Every structure is written in structure tokens, then in C-alpha cells.
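This report concerns only the one structure given below.
Predicted model, so just to flag it, every value in this text is computed and none were measured. Numbered from 1 within each chain, the chains take letters A, B, ... in sequence-line order.
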Number of protein chains: 2
Amino acid sequence: MKKFVTIRDVAATAGVSINTVSRALNDKPDINEETKKRVLRVAKELGYVRDATALSLRYGLTRVVGVIFEDSSNPFFSEVFKGIEMKARENGFSVILMNTEKDYNVEEEAIRTMISRRVDGIIITPTQEMSQDIEFLANISIPSVILGVHFDKLKLPEVHTDDVTGGFLATDYLIKKGRKRILLLNGLSYKSVARMRFEGYKKALKNNGIEFTDELVYEISEGVESAYSKTKELLLSGLDFDGMFCFNDIFAIGAIQALKEYGERIPQDISVVGYDDISYAKYISPALTTIAIDKILEGQTAFELLLESIEAKAKVPAREIVLDVKLTERRSA
Amino acid sequence: MKKFVTIRDVAATAGVSINTVSRALNDKPDINEETKKRVLRVAKELGYVRDATALSLRYGLTRVVGVIFEDSSNPFFSEVFKGIEMKARENGFSVILMNTEKDYNVEEEAIRTMISRRVDGIIITPTQEMSQDIEFLANISIPSVILGVHFDKLKLPEVHTDDVTGGFLATDYLIKKGRKRILLLNGLSYKSVARMRFEGYKKALKNNGIEFTDELVYEISEGVESAYSKTKELLLSGLDFDGMFCFNDIFAIGAIQALKEYGERIPQDISVVGYDDISYAKYISPALTTIAIDKILEGQTAFELLLESIEAKAKVPAREIVLDVKLTERRSA
DNA sequence: TTGTAAGCGTTATCAT
DNA sequence: ATGATAACGCTTACAA
């Protein structure tokens, strides 16, 4: 059933040898114009399409890059992916996308799959609980870029946003709005991103002469539900706070939900700032004030950095690209 | 720089021939247990990883499927993709994802890329303005599945949801809530989905003895902005309506935004029903009543249908799988 | 039980 | 200007 037209078929019907066909197809100089035209015509008539798998074997290059995300349906990742795919397409690369579902074993498996498929490069957002597989990635010869997280010892090129500044901006804004007791609903601290935003938070507090107290910082695992129930719990416990800086917009959405149900007015009673500026941030109510990051750009940058490594003959020293963030002011704070 | 351990390297260090290595690796019976163990150990030590590109060439099968979407960052597609990727991974397939950005030329180009890469199957959500490329897909020997849309003459297997029922459910619900003049903010009618939902809308009207009038149906192009401004325009024009059925949740979000700004109370003054039940539908305000479709399931089903075609020796007759929808009741209607 | 050789589709090298 | 052949990594007859 599955049978493609090969260079041999074209050669046969055009009455030439296979490498004359190859020459015509690749627009090589040493071929008669007439023959070339004829071969090209025959190729078209027969519906010939170059076999990329043969080329991959031949050159040891696939023109495929692998992307490994924890969850491609997360609006953050799905936008980043768009940036990657866009740039990849422009450069004649295809992209294989795999999800790890935050499972370390799946992540390892995904890396093995990418190696087996001989992808020319890998863009990965590693689960940071363990990182042997990243060490491993750094040692094999496939160019790789870490996206969205920062490792202390820079083994691989990285692209991420300036999250210390982001945390600072969010907190400082809340303070400027007159908030004194700012709750930080953070992500789990094994994530560099969470640690960086926390650092920015503390920095803003210090800058404004507000004393830090850890009774106002909480770490929760991913998901709206998780943010919703934590906020509810805190509210019920009688914790006193008038501002909230959420690790991401998804947390903010859950928190706002809980706040409203509890009868708090936003931002009059409690101001809320999120992070990421996912596309729905402006449609929730009140419209979310948040730290905006250019996700498409982050994806594009990651691909471009990867492409540099791929095209470099020698191993290129690991670079860290830190993208700017800015605060987008809306109604929640 | 890029150099992988091959079966030959393993053979050399283990002191056997290459196909003895192949036998060991593939767990064939005709090999000495001892040799097998040794080969396997050497392979592991050397870090041997099977070269999938070589296998692809050898077998004429890549174990890769291609997915072509108009926009993978759209929450609908990103969830569908998750279902596809999940099932693909379970079955040892990798997935190449490409976006067309609703550009027909890009769509054609994407198909060519998939053919060139010799993917074993294609899942595509075609732009329906033109469809020669789908005709083409039906004629080549790569198994393909159409996702989310329905073509009149069934050339290829299809997976989509029961949108006539969806349109009916939404409209009927609004009527049962006492609404008489229900505005339909529909997608462009070259899309089968829009036509189906429209059909359901009319059916519900008829069933409830309400006369249809085309001054209440409008077709707009994709995007929140587009829905927002159309709604605004209609409101300003003084059009009388007390209910709104939106083609999708994104439209509903834009519409609600406009409605609120205009001072309409939802659902007291105007009830709104959306479509898709994207994950943020429940967090907008008021929480959106919408037609829910199981997007993960839709993706999984598409992959499974594709797998059937791939595994079938002979060309399998095109089937149409229609998935159920249900109404999810929240606050907006 | 093990090894040799052909072949998958292509391009590069070397002849002619 | 064109053709024959080897090679990419692997599996599968077939031979030993």
C-alpha cells in the first residue's frame, strides 16, 4: 500500500541514471539544461517527493528538533511552542513535541526517544526535582537548550525570563498601591523560577522598608484548584493580608475565585498580581494585573539559540539569555 | 561533533559480527545466551542507542505521525493535541506538530513536509476555504484523519463532535430559561462546524415554536476582539435580544466583555452560552455556561482511528466518528 | 550459533 | 555531461 516514487522510478521513466536525476533535483551545475528540464518534468508527473529519512541517514542530520515540555496544553507552554515552531519552520526544521506530565521517568524516556530519532537538537523544560538526565544531555553530543528554568551550574545554554525583576516589580507595585502585608503564593521552591520570584519579592520588601515575615509566604503545587484551596484555607485561618502576589496567572485565577467567595473585594480589600500574562488574564474579572512575558519571543529565542549550537562546528560555550519582563496594569491591583 | 555509537562499534568491541549484535539487541532466539549477555553489556557501556532513521529507511515506516493545526496555541487545539500525543506515546509513535496559521499555502506546505518526512499518518484540521489538498491527501497512500470538521463527501476518516446537537442544546436551554430573542454569534459558514451549530440553533427554535429571523444571526471571524466589537456594534445599533449563543467560548468571552461594558447584567438581562468548555470558562465572570466537549478524548480518538488505518493492510473505508457533547451549566445563562 | 551480503533512498566520489 | 559505485545504520535472507 505504502509506496513512494523514488529517484530510481524517475530515472527509469526519464531514461537517465539515478544520479542525473539527483543532479537535476538538486540544481547542480554539471547537467544539460534539456535533461534537467525533462527529469524535473517527469519527477513532477510521477509525484516524486524527496525522502527525508534517506537524507537523514545519509547526512547524519535529520532537520528535526525535539521539544520536551511538562504539559503542552498549559497556555504558557502552548504559546512558547508556537514561537519555536514558527522559527523552526522558517529554517526548514520540523518539531517533535513530547509531554512529560511532570513525571521524571517519562522525561528520561522522552530524551531517549529524541536521541533514538537522532534529532539535531533538543529544547527542554526540565522537571527540576532530579536532574541526572540534564547532566546526561550536557554530555551527549546533541545540542540542547534549557527553557524557562535556570540551573546553578550552567551546563547547557538557557533561555528564561528575568524573574527576580519580575518578582520585584509585582511586589513593589503592590507596596506602591499602599499594601503592607503581601501574601506570596509561590510555586514549589525546587524550581529555580519560584526561588527567583521569591528573591524579587524580598528585595522589594527590603527596598521599601517592610519587614519580611515567612508567615506570608506559601508554596503550593501546580494548578488552579491548589491555589483556590490554599487561599480559602488561609482566609479561614484568619491570616491578615491586603495584597497577594501569585506565582502565575493560574494561581491568581484560583485565588481570586476563593477571595470572591469569601466576600473580599478586589482590589479594594485585597489586591492581586499574577505572573505570565496568559491570554485570558485580561478577561477574568477583575482583569488581572500581571507580570507579562513575551512567550512567543521566548520560544523563538530558544530555537535561535539552539540553531546556533547546531550550526556551530565546535561545541559552543553555554550561554544564558535572560528576557525582560514588564508589569501589565489592569484592575486587580 | 555529532557521532553516535553504531552497531558496528558494538560488534568490534564485543568481538562479534554486526548481525550478532543485531540479534542480541532484538532478542532473537538463534544466539548463544553468553554472547547475547556480553553484547548487551558492551552496548550499554558504549551508550548505544538504536538509530530510528536507519530503521525508517529499512522498513519504510517511521513511527512518526504528523499533526497539522491552524493554531496549536488555541486552548481547544492544545488540549486535543495532548490527547493525540498521549496515545501516540503509548503506542511508540512520535508526533510532529505544525501550524498553518490559517494560511492555505502553509497548509499545503505542511502536507508536503509530512510526506517528505514519510510520516506513517496525518491528523489534520483543514482550513475549509479550499480543499484541494485534502482531495490530494485522500489520494496519496498516507493514512489521514480529519479532525474537528466534516466534509460533505466523505473521502477520509473523520472525528468530530455532534455539533448539531450542541447547537440545539445551547439554544433550547436558553429558550427554557425564558429567552425569546436569541442572538447567534456564529463562526464563518464555510466551516462545517458553524453550519452544524446553526442547524441545531434553528432546530431548537422550531421545536419551541419560535420563528427564525436572520436579523439575529451574525458570522464573524476568529478571535476575542472580533466578538467583542461585533457585540458592541450590535448593542449600539439598538438590536433587541435577551439571549446569546456564541460559536465558542472565546467569542463568549469577548461578548461578555462588551455586554458588561454596556451595562447589561448577565444573565438577568442577557443570557450567554458558549461552546467548547475551555479550561478558563469556569473562571471568567460570570462563570460560563457552555457546551462541553471532551477534547482529550477527541484527540485520543483521532489517533486511534489513524492507527487503525496505519495498521490495516488494505485501505480501510472512511469512517466518521461523532463524539457526544453535553451542556455544562454555570452562571452566565 | 555465527558470519556475509544485499537492500532501503539518497548523494558524493570517481570514472568515462 | 553522464554513469557506476560506495556509503549512511540497520535487518534479513542465506551461507557456513
Side-chain angles (χ1 to χ4, degrees), chain A residues 1-40 42-43 46-64 92 115-120 141-142, chain B residues 1-40 42-43 46-64 92 115-120 141-142:
Chain A
M1 168 175 184
K2 191 112 153 274
K3 192 137 148 280
F4 293 93
V5 178
T6 77
I7 206 178
R8 245 176 278 273
D9 301 325
V10 178
T13 29
V16 293
S17 78
I18 58 164
N19 57 52
T20 296
V21 176
S22 177
R23 278 188 190 99
L25 257 21
N26 294 292
D27 205 32
K28 297 277 158 136
D30 50 353
I31 182 175
N32 182 297
E33 267 307 314
E34 281 306 302
T35 348
K36 181 155 139 189
K37 278 212 182 76
R38 183 160 43 90
V39 170
L40 254 24
V42 172
L46 262 44
Y48 171 82
V49 180
R50 226 190 218 65
D51 185 336
T53 67
L55 290 190
S56 298
L57 186 58
R58 177 74 237 257
Y59 289 121
L61 292 174
T62 52
R63 291 237 130 201
V64 173
I115 296 176
S116 175
R117 298 221 173 263
R118 299 294 192 256
V119 296
D120 292 342
S141 50
I142 300 186
Chain B
M1 171 174 183
K2 192 113 154 272
K3 191 137 149 278
F4 292 93
V5 177
T6 77
I7 208 179
R8 248 177 276 274
D9 301 325
V10 178
T13 30
V16 294
S17 77
I18 58 164
N19 60 53
T20 297
V21 176
S22 177
R23 277 187 191 102
L25 257 20
N26 294 293
D27 206 33
K28 297 278 156 132
D30 50 353
I31 182 176
N32 181 297
E33 267 307 312
E34 281 306 301
T35 350
K36 180 156 142 188
K37 279 212 181 76
R38 184 159 44 92
V39 170
L40 255 24
V42 172
L46 262 43
Y48 171 81
V49 180
R50 226 190 219 65
D51 185 336
T53 67
L55 291 190
S56 298
L57 187 57
R58 176 74 237 259
Y59 289 121
L61 291 174
T62 52
R63 291 238 130 200
V64 172
I115 296 175
S116 175
R117 297 219 173 266
R118 300 294 194 255
V119 296
D120 291 342
S141 51
I142 299 185

In whole angstroms, the gap separating C1' of C:dG9 from CZ of B:Arg118 amounts to 9 Å
Taking D:dT11, C:dA12, C:dC14 as options, the one with an atom nearest any side-chain atom of A:Arg23 is C:dC14
Here the residues of residues 25-32 of chain A within 4.0 Å heavy-atom distance, strictly under, of DNA chain C are A:Asn26, A:Lys28
In whole angstroms, the gap separating P of D:dA1 from NZ of A:Lys37 amounts to 14 Å
**Asked** Should B:Thr53 be listed as having a side-chain N or O under 4.0 Å from OP1 or OP2 of D:dC8?
**Response** no
Ignoring backbone atoms, establish whether A:Ser22 has a side-chain N or O less than 4.0 Å from OP1 or OP2 of C:dT11. yes
Taken to the nearest whole Å, CG/B:Leu61 to P/D:dC10 is 17 Å
### Query
Do any side-chain nitrogens or oxygens of B:Arg50 fall under 4.0 Å of OP1 or OP2 in D:dT11?
yes
>> With a 3.5 Å distance limit and no angle check, can you tell me whether A:Ser22 reaches the backbone of A:Ile18 through a side-chain donor-acceptor pair?
In response: no
task: For the pair A:Ser116 (side chain) and B:Arg50 (backbone), establish whether a donor and an acceptor sit closer than 3.5 Å, ignoring hydrogens and angles.
output: yes
Exactly one of B:Thr35, B:Val10, B:Asn32, B:Ile31 clears side chain to side chain contact (heavy atoms under 4.5 Å, CB included) with B:Val16, and that residue is B:Thr35
Scanning both residues in full, the closest heavy-atom pair of A:Leu57 with B:Leu57 reads CD2-CD2, 3.2 Å
| task | Side-chain contact test, heavy atoms from C-beta onward, threshold under 4.5 Å: evaluate it for B:Arg118 versus A:Val49 and give yes or no. | result | yes
Residues in residues 11-20 of chain A with a heavy atom under 4.0 Å of DNA chain D, by number, are A:Val16, A:Ser17, A:Asn19, A:Thr20
Q) Can a side chain N or O of B:Thr35 be found less than 4.0 Å away from OP1 or OP2 on C:dT1? A) no
Atom CD of A:Glu33 and atom C1' of D:dA1 are separated, to the nearest Å, by 12 Å
>> Classify B:Ser56 by what it touches in the nucleic acid, base, sugar-phosphate, or nothing, heavy-atom distance under 4.0 Å.
In response: nothing
message: Looking at C:dT10, I'd like to know if its phosphate oxygens (OP1 or OP2) sit under 4.0 Å from a side-chain N or O belonging to A:Tyr48.
response: yes
Is the distance from OP1 or OP2 of C:dG7 to the nearest side-chain N or O of B:Tyr59 less than 4.0 Å? no
Rounded to whole Å, the CZ-P distance (A:Arg8 to D:dG3) equals 14 Å
Ranking D:dG3, D:dG9, C:dT10 by distance to the side chain of B:Ala54, first place goes to D:dG9
From CG of B:Asp51 across to P of D:dG9 the rounded distance in Å is 7 Å
(message) Need one value for A:Leu55: base, sugar-phosphate or nothing, where a base atom within 4.0 Å counts as base even if backbone is also close, heavy atoms only.
(response) sugar-phosphate
Item to check | Close side-chain approach of A:Thr6 to A:Asp51, heavy-atom, < 4.5 Å | outcome: no
* To do: Apply the test side-chain contact (heavy atoms from CB on, under 4.5 Å) to residues A:Glu33 and A:Lys37: give CA-CA distance (whole Å), side-chain angles for both, the deciding distance (0.1 Å), then the verdict.
  => CA-CA 6 Å; A:Glu33 267 307 314; A:Lys37 278 212 182 76; 4.2 Å; yes
When every non-hydrogen atom of B:Arg117 is compared with those of A:Thr62, the smallest separation belongs to NH1-O, 3.0 Å
From CG of B:Leu57 across to C1' of C:dT10 the rounded distance in Å is 8 Å
So salt bridge (Lys or Arg N to Asp or Glu O under 4.0 Å) across residues 13-30 of chain A, not counting sequence neighbours, yields A:Arg23-A:Asp30, A:Asp27-A:Lys36
(Q) Could you go through B:Tyr48 and B:Leu25, starting from their C-alpha distance and side-chain angles, then the distance that decides it, and tell me whether this counts as side-chain contact (heavy atoms from CB on, under 4.5 Å)? (A) CA-CA 10 Å; B:Tyr48 171 81; B:Leu25 257 20; 3.5 Å; yes
Rounded to whole Å, the CD1-C1' distance (B:Ile7 to C:dC8) equals 15 Å
